[in-house]
Visitor: 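After the C-alpha cells below, expect a handful of questions from me.
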Amino acid sequence: MKICVLPGDGIGPEITAEAVRVLEALQTDGLKFEMETALLGGCGVDATGNPYPEATSKLAREADAVLLGAVGGPQWDTLPREQRPERGLLGIRKELGLFANLRPAILYPELANASTLKPEVVAGLDILIVRELTGDIYFGQPRGIEVRDGQRYGFNTMHYTESEIRRIGRVAFEAARKRSKKVCSVDKMNVLETTQLWRDVMNELAPEYPDVELTHMLVDNAAMQLVRNPKQFDVMVTGNMFGDILSDEASMLTGSIGMLPSASLDENNKGLFEPCHGSAPDIAGKGVANPLATILSAAMMLRYTFSREEAAARIENAVKKVLAQGYRTGDIFEPGMKRVGTKEMGDAVLAAM
Ligand code: NAD
C-alpha cells in the first residue's frame with residue numbers, strides 16, 4: 001500500500017507525524033505501507049516556487065492514497081494567486097479527480113460539552129456527509145457578471161448529468177452499507193430542475209441497494225433538522241453547493257475542529273485524507289496541536305481506500321479510549337482532564353491500540 005504523505009505547513013508536520021506513527025504501528029498486523037513524503041503548499045513554494053511541485057504530483061499520482069496535514073499561513077498570503085498554498089490543494093484535488101468528499105461529524109460522548117448545542121441533542125452524534133465535489137453551480141458555465149440593460153447582471157449555471165449523480169449516489173449507498181444503512185438525499189426539487197433529476201436518479205439507484213433505506217429531504221429542512229435533531233441522520237448525500245454549507249454546519253455541531261477527519265475519493269476509491277481544520281499558524285511549532293483529526297483521517301484511508309475495516313476500527317477505538325481516559329489537547333481541554341501535547345496524544349493512541 002503506497003501512501004504519499006504531505007505534511008504541508010503550520011501544524012501540518014506535527015500532526016501528520018503522529019498519524020504516520022499510528023500507521024507504522026499497524027504494520028505488525030500484517031499490513032505493509034510504503035510511505036514517502038513530499039512538499040505541498042507554502043513549503044512547496046519556498047523550496048521550488050510552486051505550491052504543487054512536479055515531484056509531489058508524480059508521487060501523488062503513483063500512490064494508492066494521500067495523507068495530508070494542512071497548508072497555508074500568513075507569510076504566503078500576499079503572493080500572486082497561482083503561488084498561494086491553497087492553489088496546491090486545489091491542484092492536487094483536481095489532478096487526482098477527487099469527486100466525492102466524505103466528512104463524518106462524530107461527537108464522542110466525552111466531548112459533548114464542546115458543542116454549542118445541548119449535550120442530549122448531540123452526545124453520540126455520528127453522521128457522514130457525502131458531498132459531490134466537481135460539478136454543480138460551482139463549475140457550471142455560463143457564469144459571470146455583465147452589464148445588461150444598463151445594469152450589472154450576475155449569473156451562474158447549476159447542472160448535473162445523471163452519471164455524475166449516480167456516481168456520488170453509489171458512494172453514499174456503499175458508505176451506508178458500512179454504517180447504519182440509511183441514506184438521506186438532500187435536494188431542492190420543489191424549485192430546481194437539476195435537483196429534481198438528482199432525486200429521480202437517487203430513486204432509480206435505490207433498488208440496487210435493498211439493504212439501505214433511502215429518504216429525501218429539502219435542503220432548507222435539512223439545515224433545520226441538523227440543529228434540531230441531528231441524530232436522526234446516518235449518511236446524507238448532496239450536491240456541491242448544498243454539501244459545502246451542510247458539511248460545515250454538521251462539523252460545527254461537534255464544536256471540536258481538531259477531531260474531524262475527511263476523505264476525498266476518486267472513482268477507484270483512491271483518496272486524499274486530511275483533517276477538516278487548517279494549518280493553525282497561531283499554535284504551529286509549539287507541540288500543542290490536536291493530532292486526532294489526522295489520525296482519524298488515516299483510519300478513513302484504511303476503510304475507504306484499502307478496505308481494512310478492522311484496522312480502521314482499531315484506530316477509532318483507540319481514539320475513543322484515550323478520550324475516555326481523560327487525555328485532552330488544549331482545544332478540547334476541560335478542567336479535571338489530563339492536558340497533553342501533540343506527541344503525548346500520539347503516544348496515548350499508540351498505547352491504547
Ligand atoms: P484553522 O483551522 O487553521 O484554525 C482555526 C482555529 O482552530 C485556530 O485557533 C487554531 O489554533 C485552531 N485549530 C485548528 N486545528 C487545530 C488542531 N488540530 N489542534 C488545536 N487547535 C486547532 O483555520 P484558519 O486560522 O482560518 O486558517 C489558518 C491557515 O490554514 C490559513 O492559511 C488557511 O488558508 C489555511 N487552511 C488550510 C486548510 C487545508 O489545508 N485544508 C483548511 C482551512 C484553512
Side-chain angles (χ1 to χ4, degrees), residues 4-20 22 38-46 51-52 56 60 66-79 81-94 96 98 101-103 105-106 108 111 114-116 131 133 244 247-248 251-252 254-264 271-298 300 319 322-323 327-334 337 339-346 348-349:
C4 166
V5 181
L6 304 175
D9 309 315
I11 59 170
E14 300 164 52
I15 53 179
T16 356
E18 299 313 310
V20 165
V22 165
L39 302 171
L40 185 81
C43 58
V45 174
D46 289 348
Y52 185 36
T56 306
V66 177
L67 180 69
L68 171 67
V71 301
Q75 62 270 52
W76 298 288
D77 280 349
T78 50
L79 288 175
R81 215 155 263 289
E82 59 285 357
Q83 281 180 20
R84 300 248 183 102
E86 296 73 19
R87 273 299 162 106
L89 206 51
L90 295 178
I92 190 169
R93 285 181 182 152
K94 184 155 191 255
L96 298 183
L98 307 171
N101 184 235
L102 276 61
R103 275 222 228 167
I106 295 175
Y108 300 95
L111 301 181
S115 175
T116 50
R131 166 189 172 195
L133 262 193
D244 189 4
S247 62
D248 264 23
S251 66
M252 279 304 102
T254 71
S256 40
I257 195 165
M259 297 295 304
L260 298 170
S262 80
S264 303
L272 182 139
F273 300 84
E274 59 179 326
C276 288
H277 59 73
S279 58
D282 52 331
I283 55 166
K286 296 184 180 159
V288 298
N290 187 348
L292 293 179
T294 318
I295 289 173
L296 291 167
S297 299
M300 287 189 86
V319 168
V322 300
L323 293 175
Y327 292 101
R328 300 284 188 276
T329 42
D331 56 314
I332 51 173
F333 183 74
E334 281 178 83
M337 298 292 146
R339 188 190 282 268
V340 291
T342 312
K343 184 165 178 308
E344 291 161 287
M345 187 58 108
V349 173

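Every number for a ligand or one of its atoms is a count from 1 in the order of the listing. Worth knowing before you read on, the calculation uses all heavy atoms, side chains too, and leaves out hydrogens, waters and symmetry mates.
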Visitor: With a 4.5 Å limit on heavy-atom distance, are the side chains of K286 and I11 in contact?
Guide: no

Visitor: For atom 25 (O) of ligand 1, which protein heavy atom lies nearest, and how many Å away is it?
Guide: P281 CD, 4.6 Å

Visitor: Can you tell me if S279 and D9 form a side-chain donor-acceptor pair at under 3.5 Å?
Guide: no

Visitor: What residue and heavy atom of the protein are closest to atom 7 (O) of ligand 1, and at what distance?
Guide: I257 CG2, 4.1 Å

Visitor: Between CG of L292 and CE of M259, what distance do you get to the nearest 0.5 Å?
Guide: 4.5 Å

Visitor: Which bit of I11 is near ligand 1, meaning a heavy atom under 4.0 Å away: side chain, backbone, both or neither?
Guide: side chain

Visitor: To the nearest 0.5 Å, how far apart are OG in S262 and CZ in R103?
Guide: 6.5 Å

Visitor: For atom 6 (C) of ligand 1, what's the nearest protein heavy atom and its distance?
Guide: D282 OD2, 5.0 Å

Visitor: Identify, by atom number and element, the atoms of ligand 1 in contact range of A289, meaning under 4.0 Å from any of its heavy atoms.
Guide: 19 (N)

Visitor: If the cut-off is 4.0 Å to any non-hydrogen atom of A70, which atoms of ligand 1 fall inside it?
Guide: 40 (O)

Visitor: Which heavy atom of the protein is the closest neighbour of atom 34 (O) of ligand 1, given with residue, atom name and distance?
Guide: E86 OE2, 2.8 Å

Visitor: Roughly how far, to the nearest 0.5 Å, is CG of L272 from CG of L89?
Guide: 7.0 Å

Visitor: So if I apply the side-chain contact (heavy atoms from CB on, under 4.5 Å) rule between L68 and each of I92, L40, T16, V5, which one comes out positive?
Guide: L40

Visitor: Give the C-alpha distance, both sets of side-chain angles, the deciding distance and a yes or no for side chain to side chain contact (heavy atoms under 4.5 Å, CB included) between N290 and R328.
Guide: CA-CA 8 Å; N290 187 348; R328 300 284 188 276; over 6 Å; no

Visitor: Among protein heavy atoms, which sits nearest to atom 19 (N) of ligand 1, and what does the distance come to when rounded to 0.1 Å?
Guide: N290 N, 2.9 Å

Visitor: Side chain, backbone, both or neither: which part of D77 comes within less than 4.0 Å of ligand 1 when only heavy atoms are counted?
Guide: neither

Visitor: Which residue supplies the protein heavy atom nearest to atom 32 (O) of ligand 1, what is that atom called, and how far is it?
Guide: G73 N, 3.1 Å

Visitor: With rounding to the nearest 0.5 Å, note down the distance linking CG in L6 to CG in L39.
Guide: 8.5 Å

Visitor: Does atom 9 (O) of ligand 1 have any protein heavy atom closer than 4.0 Å?
Guide: yes

Visitor: Who's closest to atom 41 (N) of ligand 1 heavy-atom-wise, of E274, E14, M259, K286?
Guide: E274

Visitor: Check each atom of ligand 1 against the heavy atoms of I283 and keep those under 4.0 Å away; list them by number with element.
Guide: 11 (O), 20 (C), 21 (N)

Visitor: Please confirm whether A293 approaches ligand 1 to less than 4.0 Å, judged on its heavy atoms.
Guide: no

Visitor: Distance to 0.1 Å, residue and atom name: give those for the protein heavy atom nearest to atom 38 (C) of ligand 1.
Guide: G278 CA, 3.6 Å

Visitor: With a 4.0 Å cut-off on heavy atoms, does V71 reach ligand 1?
Guide: yes

Visitor: For F333, is the NZ or CZ atom of R339 found under 6.0 angstrom from the centre of its six-membered ring and inside 45 degrees of the ring axis?
Guide: yes

Visitor: For atom 3 (O) of ligand 1, what is the nearest protein heavy atom, given as residue, atom name and distance?
Guide: A280 N, 2.8 Å

Visitor: Where on D331 is there a heavy atom closer than 4.0 Å to ligand 1, on the side chain, on the backbone, on both, or on neither?
Guide: side chain

Visitor: Could you give the distance from CD (Q75) to CG (D46), rounded to the nearest 0.5 Å?
Guide: 7.0 Å

Visitor: Looking only at distance, does S279 have an N or O less than 3.5 Å from an N or O of ligand 1?
Guide: yes

Visitor: Considering all protein heavy atoms, does one lie under 4.0 Å from atom 27 (O) of ligand 1?
Guide: no

Visitor: Between OG of S115 and CE of M252, what distance do you get to the nearest 0.5 Å?
Guide: 9.5 Å

Visitor: Within the 4.0 Å heavy-atom shell around G72, which atoms of ligand 1 are there?
Guide: 32 (O)

